[in-house]
Every structure is written in structure tokens, then in C-alpha cells.
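Small disclaimer: the values here were computed from a predicted structure and weren't measured. Sequence lines set the chain letters: A, B, ... in the order given, protein chains first and strands last, and positions in each chain run from 1.
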Amino acid sequence: MLDIKKIRENPEEVFNKLKLRGVDQTLFNDYVDLDRKWRDALIEVEQLKEKRNALTPKGKPSQEQLSQLKELAESVKKKQDSLLPLEESLKALALQFPNMSCDVVPEGDTEDHNVEIRKEGVLPSFDFSPLSHDELGVQCGMLDFDTAATVTGSRFVNLRGKGAALERALIGFMLDEHTLNHGYEEVLPSSIVNSRALQGTGQLPKFSDDLFKLEDTDYYLSPTAEVQLTNLFQGKVLAEEDLPISVTGYTSCFRKEAGSYGKDMKGLIRLHQFNKVELVKIVHPERSMEEWQMLLGHAESILKKLKLPYRVVELCVGDLGFGSARTVDLEVWFPSQNRYREISSCSNFLDFQSRRAMIRYKGKDTGKASFVHTLNGSGLAVGRTLAAIMEHYQDVDGSIEVPDVLKEYVRFERICKITKNL
RNA sequence: GGAGAGUUGGCAGAGUGGUCGAAUGCGGCGGUCUUGAAAACCGUUGUACCGCAAGGUACCAGGGGUUCGAAUCCCUUACUCUCCGCCA
């Protein structure tokens, strides 16, 4: 949510930012006008109330006072009721506006305008034609899409045998890195969240199409642990000296992937359910960019330890997520696709989420409550990491070597082709 | 799933329909005393919104209602606790 005071002070500046993200001028003007109307009406209501309060005696009112008060009460109620639709519209509009992007964010409307910042690692050279992870996964008995389609439907997978073990190992490895080496608190949150939480992080009201909603409830399957982890602090006023707060958590994420028909139909890239280890930081506004860089480094360290080549990409304005002011994606190399694919997205939301979710800190010296900044990033998307590992660590015989850092977790060294699928 | 009890300021906890933004205690902040600290004593101490300001308005879990007037009465939702049942 944007700062209404900023909009009042400098509507042009705010709109120029929003325009980059496709916000309609009329919609924005409506909002500004409505706010003016609301404030005017509020002043009237409060004046009426002031009058009423002044007239109200300490004890029982006389007959004469009573009739006056009755009249006033009537007009207060009437005027007050006229406020309600204004407030509702204002709130509904306010929730629709995306965050303003930072000045450094490159212009552009599609991912084609994203800017590559740097490349890390060495691209592999195979002396055979590398298989895709889904081919490898099926022939090694790791990935079972058929049974998943039977039990559930398309875009689901059953991880089996060493595939399941490797995924589990990856989760453990990532969490250990973040908790032991990067100072995050581990949280294992609920998978189901309510609409208030989703509104707090910005998934609602605009993006309900991509969410699985549980029938007859206010519950949704969470699309990302960003929701659970950020909303841990919903409504809180934190002590300034407790910042920054860093939490990490592994969850399954559930997305409808509406509008992605035909895209990435094979393999682990785009599923309705996938595992992700998420990083969330609640930070002091003055430190948010530094903390964001650190968070990015934490996500990168996983790729480095797994020896997977990747690149760092700064998203253009048009590709930014709704609440983000600035986002950098990590994209890992997929040999079979001969291109980089997103595996992490690290964003700084500034005070956009904290306004919605009412997350504040109390200044040590000022004693005043101000909004914190929130950051998050994947650290990493586990399924995609598994896929990348399979492709990079494959051999000519169709077997897959386990990356060194995972060997102590899984206690096997290699995954080989199997002859029979059950 | 059934029965009951709750939800009040940072915390604990009182509150008869009007004098309640709300007693009291703790905590916090400031001061006196002290070489310093503790103790004691005195004072002070919620948040949001509107307004250039003076100031005003609102808030006792959320929403609705009764009333001239609601923390207090009624309805409703959420959450917490106790007991019973069921269950991993």
C-alpha cells in the first residue's frame, strides 16, 4: 500500500512512477478526488460530533436537551453513513495500486527488458548430448508424473526413491546453510493462510486467480512462504534494536498457474505444487538495501555450493512483482534447454507490505512507531534446483552424481537408471 | 462435534448505561535523595485519523444493533481457555 500522505503532497510524482507499471490515469485521479471528498465529509462529521458532545450533559438530559440531542444524533448518523461508501471505495482502490519502483530499476514492460548484471560459474560442456531432467528423472525412477496425474492431475509430480531423498536432502541443506551460516531463524509454518495474511503481502485482492481457495472457508493454500513468514509479524510493533529479523522456512507452495497453458508442460519447472525454502527479512528502513544485498548473497551461496552456473538479472519495471520496488532474479543454467531459468527472486518491498500488514518498529530515541521494510527471496526453489542438479550432474550412461555437499545428507553417491518402474 | 468461561492500555487487572481514554499494580521515562547504584518518595507515561494551527474526532477482540448516550445491554464472527467425545 502506498503512503496516502505522499500522494496528497505530490500526486504527479507518484503517478509518474505508477504509470511505468501500467496504472491507469483515470483510476489514479479517481483515488485522489475520492480522498479529497472523504476528508471534506470527515470534517463535517467531526464538527457535528463536536457539537453533540458539547451539548451532552453529565447526567440525565432535560426534555429540551433531549429533543435537541435526538435531532443531532440523527444528522450525525446520516452524515456518518455517507462516509462509509467513500471509505470502502478508497480502501478498495488503495489495495489495487502496485508499489513504486526504485529509480535504479530499468524501464521496460516485459522480461526482454530485464538487465543481466553478471554471470557466475562455468557452463558445462558435455561430450554427449545431455538429457533433460524429466527424461533422466523418469529413467532413474526419481520422478513419477504418471501416477501424480492419476492421483491428482497434470502439473503434479510424485518424487520417488532417491529422487524423494535428494529433494529432502536439498531442503535440509538449504535450511542448514541459512540457519547455521547466515543467521536465520527456522520456521516451519502452516500451509494454509487466510485472506488477511494474503492481503498483507499483496497476493490479494488482485491475484486471487492464481490461488487455490478452500471451499466454504476464508482459507487458501499458500502460494509462497513469503506470506506465512512475513505475516509472522503482522500487526506488531517491534523494538528497533531487534532489527533486522531474519527468518527462513521450507514450505510447499501451491499455485494455479492460470494463463500458463502449454508453458513448461514437462518436468519440474512449473507445477501446481512445489517446495521452496524462503528467506524473509524485517529490516530498518535505512538499512534495507544493504540487507537486500545480503539476502541475495545468501540465496547465491546455495547455487555456489552446489556448483551450478547462474546469472543475476535485474528485473525491469514491467516484470516486477506487484509489491516489489526492486527485484533481482537468480537464473540457473539448464543444459537441456540451453538457457537460464529463474530459480530465485529476491525483492525489496520497502514499506509496501508493512503498511498493509501493519508491521512497525518503535524508534529507540524517538519512541515513535514507523513502518519497517520487508525483503524476501527464494533460497531456493527446491524442485527447480533438483532439476538443475540432475541435468548438470548427469553422465553419459544416464546416471546422476550426487553433488558433494549433499552426499552427507543422502548417504549415496550416485543415482542410476532402473530397469523396472512400479 | 457437544457444554461452559473468557477477550479491557507494554504487561497484570478493576469497571453501577451518562462524571470512563478508562481505577489500581508492575514496567517505561524524568526528578529528589546518594560518591555511584538500589530502595524510598514525587511527577509523568496509549494509538490512529482530520486540521496550517488552535484544536477536534475516534478507539476497551472484529462487525452489526438498541439508546439522546454503550467498555457496560442484545446479535454475530474470530480467537483463547476448561470439560466431554473423536483423532495423528
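The C1' atoms of B:C50 and B:C33 are separated by 46 Å, rounded to the nearest whole Å. Rounded to whole Å, the separation between the C1' atoms of B:C87 and B:C75 comes to 34 Å. For the C1' atoms, the distance linking B:G25 with B:C73 amounts to 30 Å, nearest Å. Comparing B:G51 with B:G55, their C1' atoms sit 8 Å apart, to the nearest whole Å. A gap of 8 Å separates the C1' atoms of B:G10 and B:G28, to the nearest Å. Taking the P atoms as reference points, B:A61 lies 8 Å from B:U7, given to the whole Å. Between the C1' atoms of B:G56 and B:G21, the separation comes to 15 Å (whole Å). Taking atom P in both B:U44 and B:A48, the straight-line distance is 22 Å, to the nearest Å.
Counting non-hydrogen atoms under 4.0 angstrom, A:R8 reaches the backbone sugars and phosphates but no base.
Side-chain N/O atoms of A:S288 and A:E291 include no donor and acceptor closer than 3.5 Å. Checked by atom type, the side-chain pair A:D319/A:N114 shows a donor-acceptor distance below 3.5 Å. A:S246 and A:K281 form a side-chain donor-acceptor contact under 3.5 Å, judged by distance and modelled atom types alone. Using modelled atom types, one finds no donor on one side chain facing an acceptor on the other under 3.5 Å when comparing A:E278 with A:Y250.
Under the Watson-Crick and G-U wobble criteria, each requiring two contacts below 3.5 Å, nucleotide B:U57 is paired to B:A48. Pairing for B:G30 is with B:C42, a Watson-Crick or G-U wobble pair whose two hydrogen-bonding atom distances lie under 3.5 Å. Across all strands shown, B:C81 forms a Watson-Crick or G-U wobble pair with B:G4, both key distances being under 3.5 Å. Of all nucleotides present, only B:U24 satisfies the Watson-Crick or G-U wobble test against B:A12, with each distance under 3.5 Å. Under the Watson-Crick or G-U wobble criterion, with both distances below 3.5 Å, B:U66 has no partner in any strand shown.
B:U47 atom P lies 19 Å from atom NZ of A:K236, rounded to whole Å. Residue A:I43 contributes atom CD1, which lies 15 Å from atom C1' of B:A54 at whole-angstrom precision. Whole-Å rounding puts the A:E46 CD to B:G51 P distance at 10 Å. One atom, CG of A:N53, and another, P of B:G56, lie 10 Å apart when rounded to the nearest Å.
At the phosphate of B:G51, OP1 or OP2 sits under 4.0 Å from a side-chain N or O atom of A:R39. For B:A48, the OP1/OP2 oxygens have no side-chain nitrogen or oxygen of A:R355 closer than 4.0 Å.
Aromatic ring orientation, A:H298 versus A:H182: parallel (interplanar angle below 30°, classes split at 30° and 60°).
Which of B:A58, B:C50, B:A48 sits closest to the side chain of A:R360 comes down to B:A48.
Heavy-atom distances to RNA chain B give each of A:W38 and A:R52 a nearest nucleotide, and the one nearer the 5′ end belongs to A:W38.
The local environment of OH in A:Y219 is sparse, with at most 12 non-hydrogen atoms from other residues, nucleotides or ligands closer than 6.0 Å.
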